[in-house]
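Atoms within a ligand are numbered from 1 in the order they appear, just like the ligands themselves.
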Amino acid sequence: MTQALTIHQNNIHLFFQMLEEHLGIALDHSKEYLVASRLAVIARSHNFKDHHALIQHLLVNPLGILHHQSFHAMTTNETMFFRDKYPFETLRTTIIPALIAKRRETKTLEIWCAAASTGQEPYSLAILLRENFPELYFWKIQLIATDISEPALTQARTGIYSETEVKRGLSEEQIKRHFKLLPSGQYEISSELKQMIRFESLNLVKDWPVMPKFDLILIRNVLIYFNAATKAKIFRKLRAQLADDGGCLLLGSSESILYDQSFKVQQEDRVSYYCKDLHKEMQR
Ligand SMILES: C[S@@+](CC[C@H](N)C(=O)[O-])C[C@H]1O[C@@H](n2cnc3c(N)ncnc32)[C@H](O)[C@@H]1O
C-alpha cells in the first residue's frame with residue numbers, strides 16, 4: 001500500500017467517526033464507494049481536486065456549512081406516502097381509536113413524527129386523521145414533524161410533490177381530494193393539511209429541545225443507521241418523551257426494541273408497536 005493510500009484510508013476512517021459523532025450514522029468501510037461518490041459531487045461544486053481533498057479540509061477545519069452539506073449527503077431520505085401500509089392500518093383501526101378514547105376529556109392529541117424526511121409520513125398521518133376521524137376536527141391536535149436535513153424539511157414545509165411522489169402511496173381519489181395541481185405539473189397539498197403539521201429541525205443524537213409528552217411517536221426507518229449504544233440512548237429518551245399513561249411508539253418494519261423492558265409490546269397483524277408501561281416504569 002502506498003503512503004498516499006494509507007493517508008486516504010485513515011482520513012476516510014476519521015470522516016466516518018466525525019459523521020457518527022454528529023449524526024449518529026454508523027457507516028463501515030463497505031460503504032466507502034458510496035461515500036466517495038456522494039462527496040465527489042460536493043467536492044466538484046466547491047472546486048476541490050477530489051473527495052480526498054474535501055475530506056482533508058473537513059478534518060482540519062472547524063465545523064461549518066461544508067461539514068453539514070457533507071454529512072447530509074450521507075443520509076438517505078427515501079420515503080413515501082403511507083409507507084409499508086400496515087402500520088397505517090393499525091393506526092386507523094387500533095392506535096388512534098384507543099388514543100381518542102383516552103383523551104376524550106381533554107380533546108388534545110400530541111403526536112411527534114421524528115425523522116420525517118420530506119414530509120410524506122406526517123402528511124399521511126394527517127390524511128388518515130382527516131379521512132377517518134371527523135370528531136377530531138374539534139380537537140386540538142399538535143403534530144410535530146422533525147428531521148435533521150434542511151433540504152428535506154424545506155420540501156416538507158412547501159408540501160409540493162412531483163407526480164411520481166404523489167402516486168407512490170396515494171390513490172387517484174386521495175390526490176384529487178387533498179392536492180392541487182400546479183401549472184408546473186407538481187402537486188401541492190391542501191393548506192388545511194399543511195397547517196396541521198409543524199416542521200422543525202432536530203438532530204436525534206444531540207440534545208432535544210423541550211417538547212410536550214407525546215401520545216404517539218413515529219420514528220421509522222432511521223434507527224437502522226445508528227449503532228446499538230446510540231439506539232439504546234434514543235430509546236431511553238423516547239420513553240421519557242412519551243405520555244406516562246400509555247403513550248405509543250411506532251418503529252419501521254425492520255426495527256424493534258429488544259432490550260427495553262419498560263415498553264409493552266403490542267402485536268397487531270404484521271405490526272409491532274410499543275406502549276409505555278407505567279407499572280414497569282415505576283419499578284425501575
Ligand atoms: C429513510 S428516511 C425515513 C423517513 C420516514 N421516517 C419514513 O420511514 O419514510 C431517514 C431520515 O432520517 C433522517 N436522519 C438521519 N440521521 C438523523 C439524525 N441524527 N437526526 C434526525 N434525523 C436524521 C434523514 O435526514 C432522513 O430524512
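No side-chain N or O of His52 forms a donor-acceptor pair with one of Gln56 less than 3.5 Å apart. Judged by distance alone, the side chains of Ser149 and Asp147 never bring a donor and an acceptor atom under 3.5 Å apart. Counted by atom type alone, Ser272 and Gln267 present one or more donor-acceptor pairs between their side chains at under 3.5 Å. Between the side chains of Glu131 and His178, at least one donor-acceptor pair of N or O atoms lies under 3.5 Å. There is a side-chain donor-acceptor pair under 3.5 Å between Glu268 and Thr94.
Residue-level proximity to ligand 1 for Phe71 is absent, since no heavy atom of it falls below 4.0 angstrom. If you look at Val222 next to ligand 1, the close heavy atoms, those under 4.0 Å, all belong to the side chain.
Against a heavy-atom cut-off of under 4.0 Å, Ser117 is close to the following atoms of ligand 1: 4 (C), 27 (O). Residue contact check: Glu78 has heavy atoms under 4.0 Å from atoms 1 (C), 2 (S), 3 (C), 4 (C), 9 (O) of ligand 1. For ligand 1 and Leu204, the ligand atoms under 4.0 Å from any heavy atom of the residue are 18 (C), 19 (N), 20 (N), 21 (C). Distances below 4.0 Å separate heavy atoms of Thr76 from the following atoms of ligand 1: 1 (C), 2 (S), 10 (C), 11 (C), 26 (C). Close approach to Ser149 involves these atoms of ligand 1, each under 4.0 Å from a residue heavy atom: 25 (O). For ligand 1 and Leu202, the ligand atoms under 4.0 Å from any heavy atom of the residue are 20 (N), 21 (C).
Judged by the 6.0 Å distance and 45° axis criteria, Arg130 is positioned over the aromatic ring of Tyr137.
Looking from atom 18 (C) of ligand 1 to the surrounding protein, the closest heavy atom is Asn203 OD1, 3.7 Å. In terms of protein heavy-atom proximity, atom 19 (N) of ligand 1 is nearest to Leu23 O, 2.7 Å. At the top of the distance list for atom 7 (C) of ligand 1, counting protein heavy atoms only, stands Arg83 NH1, 3.2 Å. Scanning the protein for heavy atoms near atom 17 (C) of ligand 1, the closest one is Ile148 CG2, 3.6 Å.
Taking the six-membered ring where tryptophan is involved, the planes of His68 and Phe71 are perpendicular, since the angle between them exceeds 60° and thus also 30°. Between Trp112 and Trp208, the ring planes are perpendicular. Angles over 60° get that label, and only those under 30° would be called parallel.
Between Glu165 and Arg168 there is no salt bridge, since no side-chain nitrogen of the basic residue lies less than 4.0 Å from a carboxylate oxygen of the acidic one.
The closest heavy-atom contact to atom 25 (O) of ligand 1, among the options Asp147, Thr75, Thr79, Asn221, comes from Asp147.
The only member of Gln241, Gln142, Lys213 that meets side-chain hydrogen bond (donor to acceptor under 3.5 Å, both in side chains) when paired with Glu110 is Gln142.
The shortest N/O to N/O separation between Ala115 and ligand 1 falls below 3.5 Å. Checked against a 3.5 angstrom limit, the closest N/O atoms of Ala116 and ligand 1 fall outside it.
In this structure, Ile219 does not count as a contact residue of ligand 1, since none of its heavy atoms falls inside 4.0 Å of the ligand.
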